[in-house]
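Report on one structure; see the data block that follows.
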Number of protein chains: 2
Amino acid sequence: METFTIKDIARELGISTSTVSRALRGSYEINPETKRLVMECAERLNYRPNPIALSLKGSASRAIGVILPQIANYFFSQAINGIEAIAYNRGYHVIIFQSQESYERELANVQQAMSRKVDGLLMSLSSETADVAHLQEVLDKNVPLVLFDRVSAELHVTKVVADNFGGAFAATEHLIQSGRKRIAHLTIQPWLSITQERLAGYRAALEKYGLEFDESLMRYGSFGPDEVGPMVDDLMRLPSPPDAFFTASDRLAVGCLQALRQRNLHIPEDVSLIGFTNLNVADLLAPPLSTVVQPAQEIGQLAAERLIDQIERKHRALPIETVKIPTELIVRSSTMTNSEMVKL
Amino acid sequence: METFTIKDIARELGISTSTVSRALRGSYEINPETKRLVMECAERLNYRPNPIALSLKGSASRAIGVILPQIANYFFSQAINGIEAIAYNRGYHVIIFQSQESYERELANVQQAMSRKVDGLLMSLSSETADVAHLQEVLDKNVPLVLFDRVSAELHVTKVVADNFGGAFAATEHLIQSGRKRIAHLTIQPWLSITQERLAGYRAALEKYGLEFDESLMRYGSFGPDEVGPMVDDLMRLPSPPDAFFTASDRLAVGCLQALRQRNLHIPEDVSLIGFTNLNVADLLAPPLSTVVQPAQEIGQLAAERLIDQIERKHRALPIETVKIPTELIVRSSTMTNSEMVKL
DNA sequence: ATAATTTGCGCAAACGATGTCGGGAACGTT
DNA sequence: AACGTTCCCGACATCGTTTGCGCAAATTAT
């Protein structure tokens with residue numbers, strides 16, 4: 001089935017394209033009979049308006065752009081699912097871009113999205129992104145923008161994030177309550193909002209229980225698969241080595257687990273391990289991994305909803321706000337105490 | 001920075017838009033000096049051609065569409081990475097659509113992609129897709145199409161697939177050689193090419209070792225998270241229950257592992273388990289999972305390369321072929337023999 | 001010196017749809 | 001009968017870009 005245009009309908013019915021156009025949308029000044037004819041003909045020809053032409057004219061493209069660090073990441077792929085679900089049943093299409101954690105690519109992605117005339121933009125910042133001028137430009141062009149997960153404090157926009165402070169606090173508190181005293185914190189780039197919030201939660205829990213914050217137990221970075229091992233070695237060589245690891249991301253949790261196992265460090269006998277992760281196989285790992293779960297799908301859904309609300313009610317500005325979603329601490333074997341282990 | 005058009009350059013230089021257009025794409029009939037001026041001006045204004053307008057004109061959009069069942073799947077998200085990598089450094093953008101395993105949505109995705117004037121389409125079929133007329137239409141419109149992983153025999157197009165037969169054969173042979181005789185095969189929808197090929201590999205291995213193919217050990221379907229358990233129960237109640245499970249997908253492998261553990265069936269003492277999976281934590285599971293690995297990223301890369309080759313050399317048709325990529329059998333604890341277990 | 005060719009560039013149409021403007025027909029009003 | 005309204009609808013410009021055609025000036029050939 002070929003693709004018909006408004007012209008085909010016009011020719012078929014012997015009327016002008018303008019009439020067809022108006023009949024098809026704003027019904028205001030068109031003879032009902034004519035309208036019926038047009039509708040019927042459009043139906044018959046299976047007419048679909050050309051989104052490209054619509055975009056050129058500057059009207060809504062009914063597409064939203066999603067720019068995030070990478071898809072091959074449990075958290076983000078689940079978030080995309082949430083976004084897609086909402087977008088789909090509100091009649092929007094989703095165009096996904098990966099920044100691959102590169103500022104340069106993020107920039108290119110934003111430009112692409114803008115020139116493809118998306119109606120709005122949903123973003124989670126790349127880890128390289130320190131400057132957000134490119135996003136300010138988006139706002140200046142009056143294109144709705146919603147940030148999720150990796151957000152920037154410098155932008156006055158709606159944000160949807162997990163309760164990172166609360167999650168980190170709960171995880172750290174749990175470790176402390178299970179008898180750990182030297183808790184290493186492996187985390188990502190220090191300038192990211194989520195990093196700072198999680199660090200704050202970690203420190204707050206330490207403080208609550210009168211434990212000193214020890215800088216030497218912290219490690220920041222974007223760890224590749226082979227970098228976690230050396231870091232663990234480094235930490236374990238400390239005069240007073242850690243008895244627990246709290247990691248701030250999916251990849252770190254898995255990398256850390258792997259590194260600890262390779263080094264014959266037993267979990268949780270030698271060290272505890274807990275991570276922020278959305279890994280759906282966390283309970284099938286050896287040992288089952290305690291985690292702080294962020295509801296990724298829900299975050300995606302909420303972000304998409306806010307964005308589309310903004311798109312559709314562009315006139316009266318919707319309130320800017322930061323939506324914080326609770327995280328959930330799930331305790332599994334990787335953070336058991338030795339006495340708990342014995343009972344098994 | 002606002003967005004400038006070819007007109008702005010024309011006005012700036014006091015020449016016509018045609019000249020600017022031709023200068024920009026290096027047409028022969030333009031004064032080198034003028035060309036230089038235009039180039040310089042475009043550079044200065046940070047001119048970017050409007051992809052929408054280009055698409056409207058029918059020329060290349062330098063975007064390729066990717067339609068696949070779902071992103072939140074280890075195999076597909078890795079494949080996307082491969083696709084993106086190639087596309088990016090050949091100057092193409094990738095627009096991703098998820099069919100969510102629904103034929104209807106796949107159809108809508110194809111239409112969307114076409115109306116967004118992608119230069120080519122990369123697809124892996126939804127599990128509901130039995131009829132491929134919508135793809136034949138794509139071909140009829142002369143839009144390059146490359147299928148990967150889930151392909152259809154009815155379409156005469158380039159396909160990139162893993163060696164499903166070989167992988168299934170190797171997995172089954174390995175199970176047999178480790179002493180298993182009643183090998184259950186849990187697989188996906190029967191009409192998919194990959195299902196058939198894997199089944200064929202499984203049967204071939206059985207035959208080679210003189211084992212009878214037993215229909216009652218087979219299970220087809222799209223198993224939700226809670227459906228694998230009952231199926232396992234069902235199988236284990238057989239008069240002669242399976243002593244090994246060979247699963248055909250990521251999700252099935254994990255679901256099966258979970259179900260077996262919940263039922264206190266020990267792996268590999270009670271039953272062996274091996275799966276087709278791209279799970280990158282397979283060796284961290286309990287027990288470490290033997291798998292047939294399909295090089296997902298490589299599949300994505302090859303598919304993207306073939307597609308872009310086709311796009312760029314549209315005139316002389318490139319040969320249609322099916323690229324088969326070897327799979328790799330990785331043996332871990334989940335398929336050990338009891339004697340091997342003892343040695344540990 | 002004149003004719004023929006080449007060179008460099010502009011005009012206008014086209015892609016598909018929308019929207020502004022204005023005009024013809026049919027009606028009602030004095 | 002002349003005018004004002006209303007109702008429908010078409011011509012045309014527009015979005016940003018490419019492209020066929022044509023035209024003037026510059027160059028070459030005769």
Side-chain angles (χ1 to χ4, degrees), chain A residues 2-39 41-42 45-63 111-112 114-119 141-143, chain B residues 2-39 41-42 45-63 111-112 114-119 141-143:
Chain A
E2 347 147 38
T3 158
F4 292 98
T5 79
I6 212 169
K7 280 185 194 164
D8 297 311
I9 300 183
R11 188 162 359 92
E12 184 92 358
L13 265 45
I15 58 182
S16 83
T17 60
S18 329
T19 306
V20 176
S21 172
R22 271 181 296 242
L24 253 23
R25 49 196 52 249
S27 47
Y28 45 116
E29 37 180 27
I30 291 294
N31 188 325
E33 174 60 11
T34 311
K35 197 194 291 183
R36 201 190 53 73
L37 278 173
V38 172
M39 291 302 202
C41 184
L45 263 46
N46 190 29
Y47 166 79
R48 295 278 172 270
N50 180 330
I52 303 272
L54 289 180
S55 304
L56 223 210
K57 274 306 272 185
S59 47
S61 64
R62 293 201 82 77
Q111 286 213 350
Q112 264 289 315
M114 295 304 289
S115 62
R116 287 193 184 279
K117 290 255 193 302
V118 295
D119 291 343
K141 280 179 192 151
N142 241 334
V143 173
Chain B
E2 347 149 39
T3 158
F4 292 99
T5 79
I6 214 170
K7 279 185 193 164
D8 297 311
I9 301 182
R11 187 164 0 90
E12 184 92 5
L13 265 45
I15 58 182
S16 82
T17 60
S18 338
T19 306
V20 176
S21 172
R22 276 184 278 250
L24 251 22
R25 67 203 47 259
S27 173
Y28 47 101
E29 46 176 19
I30 291 293
N31 188 325
E33 174 61 10
T34 312
K35 201 184 285 187
R36 199 189 54 72
L37 277 174
V38 171
M39 291 300 202
C41 183
L45 264 45
N46 189 30
Y47 167 79
R48 294 280 172 269
N50 180 331
I52 303 270
L54 289 180
S55 303
L56 224 210
K57 277 306 275 186
S59 49
S61 64
R62 294 201 82 77
Q111 287 212 351
Q112 263 289 313
M114 295 304 289
S115 63
R116 289 197 182 276
K117 290 255 192 301
V118 296
D119 292 342
K141 279 180 194 153
N142 241 333
V143 173

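Letters A, B, ... mirror the listed sequences (proteins, then strands); counts begin at 1. Keep in mind that what you see is a predicted model, and the values were worked out from it rather than measured. Scope of the values below: all heavy atoms of this structure, side chains included, with no hydrogens, waters or symmetry mates.
- Checking side-chain atoms of B:Ser21 against main-chain N and O of B:Thr17 turns up no donor-acceptor pair under 3.5 Å.
- Scanning all heavy atoms of the two residues, the minimum distance from B:Met39 to B:Ala23 falls at CE-O, 3.7 Å.
- Atom pair B:Asn31:CG and D:dA25:C1' shows a separation of 13 Å (rounding to whole Å applied).
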Summarise how protein sits on nucleotides 15-22 of chain C as a single string, 5' to 3': B when a protein heavy atom is under 4.0 Å from the base, S for sugar-phosphate-only contact, - for no contact.
BBBBBBB-

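- With a 4.5 Å cut-off on side-chain heavy atoms, B:Tyr47 and B:Ile6 count as touching.
- Distance B:Ile30 CD1 to D:dT18 C1': 13 Å, rounded to the nearest Å.
- With sequence neighbours excluded, no residue forms a side-chain hydrogen bond (donor to acceptor under 3.5 Å, both in side chains) with A:Ser55.
- The distance between atom CD1 of A:Ile15 and atom C1' of D:dC8, rounded to the nearest whole Å, is 11 Å.
- At a threshold of 4.5 Å between non-hydrogen side-chain atoms, the residues B:Ile15 and B:Val38 count as touching.
- B:Thr19 has its side chain within reach of B:Thr34: a pair of non-hydrogen atoms, C-beta onward, lies under 4.5 Å apart.
- Phosphate proximity of D:dG10 to A:Ser16: present, with a side-chain N or O under 4.0 Å from OP1 or OP2.
- At whole-Å resolution of the value, CD1 in B:Ile9 and C1' in D:dG16 are 12 Å apart.
- Contact annotation for A:Thr34: backbone-only contact, meaning every heavy-atom pair under 4.0 Å involves sugar-phosphate atoms and none involves a base.
- What you find for B:Leu56 and A:Ile52 is that their closest heavy atoms are N-CG2, 3.6 Å.
- Residues B:Leu24 and B:Lys35 have side chains not in contact (no heavy-atom distance under 4.5 Å, counting atoms from C-beta outward).
- Each end of the helix from C:dA1-D:dT30 to C:dT30-D:dA1 gets its own axis, taken as the rotation carrying the C1' atoms of four end pairs onto the next four within a five-pair window, and the two axes meet at 70° to the nearest 10 degrees.
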